[in-house]
Visitor: 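Let me begin by handing over the structure; questions about it come next.
Side chains included, hydrogens not; waters and symmetry mates left out as well; all remaining heavy atoms used.
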Amino acid sequence: VKAFVEPSLPYAPRSRTKGTLMVDLAPTRHRTSRPALASAAALALGVGLLPFSAGPALADTEAAPARVAAADWSPTKYVSSTAAKPNIVVIMLDDVGPHDGRILERLPTIRSTFLEHGTTFTDFHVQTPACSPGRVGFLTGLHTHHHRVIRNVGSLFRPQMSIATQLRGKGYRPILAGKYLNSMDSITPKVPPGWADFHAIDKGFYNYTMWSNGTKRRYGTGPANYSTDVIARKAVASIARTPKKQKVFAWIAPYAAHSPNQPANRHRNSPRCEDLPRWKPPGYMEKWVSDKPAYIRAMPRRKLNGKDLRPTCRSLLAVDNLIRDVKAELQRQGRLRNTLLILTADNGMNDGMHRFLYDKK
């Protein structure tokens, strides 16, 4: 099962970010409704913590229903009780909106894995679109007013219960490689409960700190220190260390494409992103805002020619390499066929929608 999740930009300001989820149920390629997959995921995993809708991996001989009405669906009707639990790999980008897919289609591994083999779900929400609140929502499945991380301060999180503790209780080996929460220096313990391998950074493409299973290490400016590549190596090594009979849960969280959208040296002048059209949808620097709240009506309408997406695209080329390497390791171990791959982001960005230039959504 392969899945793609991304927050999208609504056409009017909302308190929650709406987005899409695309799932490929290999090998049948049938389309399945969101209620079926959402409930089936909880049944297959044994926990109801995933803050996105996703489907279970199906046995090779088991066909997914072509269409399921929500009122007619029940877990036992369509999901085999003998279906093997999937490995789960979540790739979480930083500050990346969908931009109608125009960036993602330039990334060969992402395109072939997610865009070309997907089922689309259009009802995905993040309640508080900011780094730490959104990530803790992912970790706990709780509303912000319940997990109480209302600011970008990671030390506000109490990690005694998370997707890591719950999945470890179900026999998974939880792995983190990448950005955890903001203000990592103030977070204790340095290896939160539940994680078997924990390689966490706070921020940065170069000149950053990583805590690897509690040990602090500083990375510099050399090409080998580019954080997306380091995270890829840590993730692959952690997956490789997982015993064959144990399931993998890997949360892989590169800093890309957070500002300043710094690409790896090898991608600085990549032609793959050169002719990428600027982001200027109908709601960009919206002219008529009489139907919007007063704070939006008070915003100036800047005369801009859309957002240049090339820096974001170039910084994501290394993420595409990361996903390629992770898939290769899963394939080497014989895990890939029974792996749920999810691509998501901690939040989206307005990027000029409704006159918002930099605010997150």
Visitor: Are the side chains of R173 and D197 in touch, meaning some heavy atoms are under 4.5 Å apart?
Guide: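 Of all side-chain heavy-atom pairs linking D197 with R173, at least one is under 4.5 Å.
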Visitor: Quick check against the 3.5 Å criterion: does R335 have a side-chain atom that pairs as donor or acceptor with the backbone of L330?
Guide: no
Visitor: The criterion is salt bridge (charged side-chain N to carboxylate O under 4.0 Å, His left out); which residues satisfy it with R233, sequence neighbours excluded?
Guide: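 Salt bridge (charged side-chain N to carboxylate O under 4.0 Å, His left out) check on R233 returns nothing, list empty.
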Visitor: Pairing donors with acceptors under 3.5 angstrom, does anything connect the side chains of R218 and T209?
Guide: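 Indeed, the side chains of R218 and T209 share at least one donor-acceptor pair under 3.5 Å.
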Visitor: Between S132 and N182, is there a donor-acceptor pair closer than 3.5 Å when you use the side chain of the first and the backbone of the second?
Guide: yes
Visitor: Could you name each residue pair satisfying ring pair (Phe, Tyr, Trp, His ring centres under 6.0 Å) that touches residues 220-240, not counting sequence neighbours?
Guide: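 Those involving residues 220-240 are F205-Y226, Y206-Y226.
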Visitor: Ignoring hydrogens and geometry beyond distance, is a side-chain donor-acceptor pair present between Q160 and R158 at under 3.5 Å?
Guide: no
Visitor: Crowded around K203 NZ? As in, over 12 foreign heavy atoms under 6.0 Å?
Guide: no
Visitor: Under the 3.5 angstrom rule, does the side chain of Q333 hit a backbone N or O of I239 as a donor-acceptor pair?
Guide: yes
Visitor: Can any side-chain N or O of R168 pair as donor or acceptor with the backbone N or O of G194 at less than 3.5 Å?
Guide: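 Present.
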Visitor: How are the rings of F198 and W195 set relative to one another: parallel (under 30°), tilted (30 to 60°) or perpendicular (over 60°)?
Guide: tilted
Visitor: Check I103 against C313 and note the closest heavy-atom contact, atom names and distance.
Guide: CG2-CA, 3.9 Å
Visitor: For the NZ atom of K280 and the CG atom of L304, what is their distance to the nearest 0.5 Å?
Guide: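 Answer rounded to 0.5 Å: 8.5 Å.
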Visitor: So, are K179 and D202 salt-bridged, with charged N and O less than 4.0 Å apart?
Guide: no
Visitor: Give the C-alpha distance, both sets of side-chain angles, the deciding distance and a yes or no for side-chain contact (heavy atoms from CB on, under 4.5 Å) between L181 and C131.
Guide: CA-CA 7 Å; L181 304 174; C131 294; over 6 Å; no
Visitor: Is it true that N338 and N87 share a donor-acceptor pair across their side chains at a distance under 3.5 Å?
Guide: no
Visitor: If you count the non-hydrogen atoms of other residues, nucleotides and ligands that lie under 6.0 Å from CZ in R266, is the total more than 12?
Guide: yes
Visitor: Carefully, step by step, assess N207 and T221 under the rule side-chain contact (heavy atoms from CB on, under 4.5 Å).
Guide: CA-CA 6 Å; N207 281 324; T221 60; 3.2 Å; yes
Visitor: Checking Y208 side chain against G220 main chain: does a donor-acceptor pair fall under 3.5 Å?
Guide: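 No: the side chain of Y208 does not pair with the backbone of G220.
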Visitor: Applying the side-chain contact (heavy atoms from CB on, under 4.5 Å) criterion to F249, which one of I163, L340, L176 satisfies it?
Guide: I163
Visitor: Has the side chain of K247 got a donor or acceptor atom that lies under 3.5 Å from a matching backbone atom of K85?
Guide: yes
Visitor: Find the distance between CG (L276) and CZ (R310) and round it off to the nearest 0.5 Å.
Guide: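 Separation between the atoms: 8.5 Å.
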Visitor: Can a salt bridge be assigned to the pair K216 and D185 using a cut-off of 4.0 Å between side-chain N and carboxylate O?
Guide: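 Looking at K216 and D185, the cut-off is met.
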Visitor: Tell me which one of I201, T228, D229 satisfies side-chain contact (heavy atoms from CB on, under 4.5 Å) with P254.
Guide: T228
Visitor: Looking only at heavy atoms, what is the nearest atom pair of N305 and R278, with distance?
Guide: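 The pair with the smallest heavy-atom distance is O-NE, 2.8 Å.
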Visitor: Using modelled atom types and a 3.5 Å cut-off, is there a donor and acceptor pairing between side-chain atoms of D346 and backbone atoms of A130?
Guide: no
Visitor: For D275, is there an ion pair with R106 - N to carboxylate O distance below 4.0 angstrom?
Guide: yes
Visitor: Determine, for K292 against E286, whether the closest basic-nitrogen to carboxylate-oxygen distance falls under 4.0 angstrom.
Guide: yes
Visitor: According to ring pair (Phe, Tyr, Trp, His ring centres under 6.0 Å), does anything in residues 301-344 pair up with another residue at least two apart or in another chain? List the pairs.
Guide: none
Visitor: Between T165 (side chain) and M161 (backbone), is there a donor-acceptor pair under 3.5 Å?
Guide: no
Visitor: Salt-bridged, E274 to R314, with N to O below 4.0 Å?
Guide: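 Yes, charged N to carboxylate O under 4.0 Å.
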Visitor: Checking T140 against H147: is there a side-chain donor and acceptor pair closer than 3.5 Å?
Guide: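 No, no side-chain donor-acceptor pair sits under 3.5 Å.
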Visitor: Which distance, rounded to the nearest 0.5 Å, do you find between the NE2 of H199 and the CH2 of W211?
Guide: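 So the gap between those two atoms works out to 14.5 Å.
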Visitor: Is it true that the NZ or CZ of R111 lies under 6.0 Å from the centre of F114's six-membered ring and within 45 degrees of the ring axis?
Guide: no
Visitor: Donor-acceptor pair, T113 side chain versus I110 backbone, under 3.5 Å?
Guide: no
Visitor: Pick one: which of D325, I252, L322, I231 meets side-chain contact (heavy atoms from CB on, under 4.5 Å) with V236?
Guide: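 The passing option is D325.
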Visitor: Give a yes or no answer on whether the side chain of D320 reaches the backbone of T109 with a donor-acceptor pair at less than 3.5 Å.
Guide: yes
Visitor: Ion pair present between R135 and D94, side-chain N to carboxylate O less than 4.0 angstrom?
Guide: yes
Visitor: One pair to check against ring pair (Phe, Tyr, Trp, His ring centres under 6.0 Å): F138 and W251. What are the steps and the verdict?
Guide: CA-CA 10 Å; F138 162 76; W251 179 25; 5.1 Å; yes
Visitor: Walk me through whether R148 and L156 qualify under side-chain contact (heavy atoms from CB on, under 4.5 Å).
Guide: CA-CA 7 Å; R148 300 183 180 182; L156 295 175; over 6 Å; no
